[in-house]
Trainee: 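First the structure, which I've put down as structure tokens, then a few questions once you've had a look.
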Amino acid sequence: MIRSQTPSDSPDVLDLVVIGGGINGCGIARDAAGRGLSVLLAEQGDLAGATSSASTKLFHGGLRYLEYFEFRLVREALIEREVLLRAMPHIAWPMRFVLPYHKAMRFDAETPTSRLLGWVMPWMKGRRPAWLIRLGLFLYDHLGGRKILPGTEKLDLQHVPEGGPLKEIFRTAYEYSDCWVQDSRLVALNARDAAARGVEVLTRTKVTEARVEEGVWTVTLSTGRTVKARALVNAAGPWAGDVIKGVMHRNTKDHVRLVRGSHIVTAKLFDHDKAYFFQGKDGRIIFAIPYEQEFTLIGTTDAEHSDPDVKPRCTEEERDYLCAFASEYFKRPVSPEDVVWTYSGVRPLYDDGARSATAATRDYVLVLDTGAGAPVLNVFGGKITTYRRLAESALEKLGAHLPMSGDWTAGVPLPGGDFPVDGVADLIADLRARHLFLTAPWAKRLVRSYGTEAAELLHGAENAADLGEDFGATLTAREVDWLIAKEWARSAEDILWRRTKLGLHLDEGQVALLEAYVSAHLAVS
């Protein structure tokens, strides 16, 4: 039987349009392209311009989610830590976390674990026995088949450097493993790899309308361009609900719950390279993490956020809360005057009806809607750690509608990540041997940003002057040109706060020079 041709058979119809250039959108676009699909990705602002550049910068299983019995989510995230480490050893690396313990500590009474403990051991009155903490860490060590990362150890804080910054009341701690990641660079590298596989990546391009006509989506962009696609992915993050109602004109019972997470950055509070995991009486946890060589990152909060178009900011109340929380543990109190920078992001969680923002699920939910006459997959929630698995699950759901090959991303490195997990020191040494003008911190920053591609970025440079204008903090015109040409950077803000975090190190005059340089570069390109 000969099938009559339909509009969806046309070579002018894309397989997939992805709305949203955060980690989920870029991860899905990359995965789809590697399966042979034709893909366009549209992002209304800059890549990682919202939630994906405002995380706590961790690949982690989510130790506290064990309190909520979210074992599937924790297991998947723990497995992914090591998969991702192998794929991006330049922008992600192991980190040890110190969890101070005191037997008088009390915790949130509303978690499933707290309620069960209150029933079985009512005399504990909200306290956590040491054996329960150790049990949780045992599960954390073993749920994910850990191979690279070391396991949990018990510390005597009176005899190790990690105890020095802490109050004397804390004499015992448990040290476990998780991983650090440069979140917004993760997004940019996924986008780069997607583009190398054929994805058309459009930044500063909003999808204004999406309608089904003759079985395919007709998608209108803010540039006036119209494209057709067999399927859509709505990975708009905080704006996912707006896309469903205002762009696609669909009704749904599934909703986004917007939860703001704020962080503060202070001058360095301790000298070692490990992070702290602090537990509060209100059921929250925060981290205190070494950050950008000279600083400490503290976060995060959980607060309801009503409108995705209202730019999230760390309120004075949140700042003071984080300072007070950290001061419960550190000998030297952390005050608002110590804060040099704050940032805040909105987590687009799936609205599961939880009573509090803290209790709302961090798991992702993928909803396939075919009611309009062509498929659209709406993405809710998710963690940066599980973005790759989310992408695989998304394409599995679309598999009945789009012919494609199977999973492929596990173990495939991102740009610059084609070297062993333990190979960073060798890369840095090699880079310095080739370019004698590099200082150790400069070479480390380049390798930690660009991996093996740092050599390409510096190719032919015999001295610092060969790299062009120096904007400060080792940022040169050569690197800026690279970010504009290869990573969609279009402003000083893109470069200083997303492609890098060098905004912490430059003064207003240096920022102005950079902005002028970027504007002039784009004007002639």
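The first residue in the sequence is number 1, and the count goes up from there.
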Trainee: Given Arg204 and Ser491, is the side-chain contact (heavy atoms from CB on, under 4.5 Å) satisfied, shown in steps?
Mentor: CA-CA 12 Å; Arg204 293 168 168 81; Ser491 70; 4.0 Å; yes
Trainee: Which heavy atom in Leu99 sits nearest to a heavy atom in Gln279, and how many Å separate them?
Mentor: CD2-NE2, 3.1 Å
Trainee: Flag yes if more than 12 heavy atoms outside Arg490 fall under 6.0 Å of its CZ atom; otherwise flag no.
Mentor: yes
Trainee: Does Tyr140 reach the main-chain N or O of Gly62 with its side chain, forming a donor-acceptor pair under 3.5 Å?
Mentor: yes
Trainee: Give the minimum heavy-atom separation between Arg388 and Val83, together with the two atoms involved.
Mentor: NE-CG1, 3.7 Å
Trainee: Show every side-chain hydrogen bond (donor to acceptor under 3.5 Å, both in side chains) that has at least one partner inside residues 82-93, sequence neighbours left out.
Mentor: none
Trainee: Hey, what's the ring geometry for Phe270 with His272, parallel, tilted or perpendicular (30° and 60° as the breaks)?
Mentor: parallel
Trainee: Please determine whether the number of non-hydrogen atoms from other residues, nucleotides or ligands lying under 6.0 Å from atom NZ of Lys154 exceeds 12.
Mentor: no
Trainee: What is the minimum heavy-atom distance between Cys323 and Val339, and which atoms define it?
Mentor: SG-CG2, 4.1 Å
Trainee: When the aromatic ring centroids of Phe330 and Tyr276 are compared, is their separation below 6.0 Å?
Mentor: yes
Trainee: Run the salt-bridge test on Arg347 and Asp302 with the 4.0 Å N-O cut-off and return the result as yes or no.
Mentor: yes
Trainee: Mind checking whether Phe287 and Phe278 have ring centres under 6.0 Å apart?
Mentor: no
Trainee: Arg445 and side-chain contact (heavy atoms from CB on, under 4.5 Å): which partner among Glu479, Glu292, Gln293?
Mentor: Glu479
Trainee: Please work out which of the three classes, parallel, tilted or perpendicular, describes the rings of Phe437 and Trp442, given edges at 30° and 60°.
Mentor: perpendicular
Trainee: If you look at every heavy atom in Pro89 and Gly417, which pair is closest and at what distance?
Mentor: CD-O, 3.5 Å
Trainee: Is the side chain of Thr301 donor-acceptor paired with the backbone N or O of Ser262 at a distance under 3.5 Å, no angle test?
Mentor: yes
Trainee: With a 4.0 Å cut-off, would you call Glu168 and Lys331 a salt bridge?
Mentor: yes
Trainee: Pick one: which of Thr51, Val379, Val259 meets side-chain contact (heavy atoms from CB on, under 4.5 Å) with Pro348?
Mentor: Thr51
Trainee: Under 6.0 Å between ring centres, would you say that holds for Tyr176 and Phe97?
Mentor: yes
Trainee: Within the side chain of Asn24, is there an N or O that forms a donor-acceptor pair under 3.5 Å with the backbone of Ala235?
Mentor: no
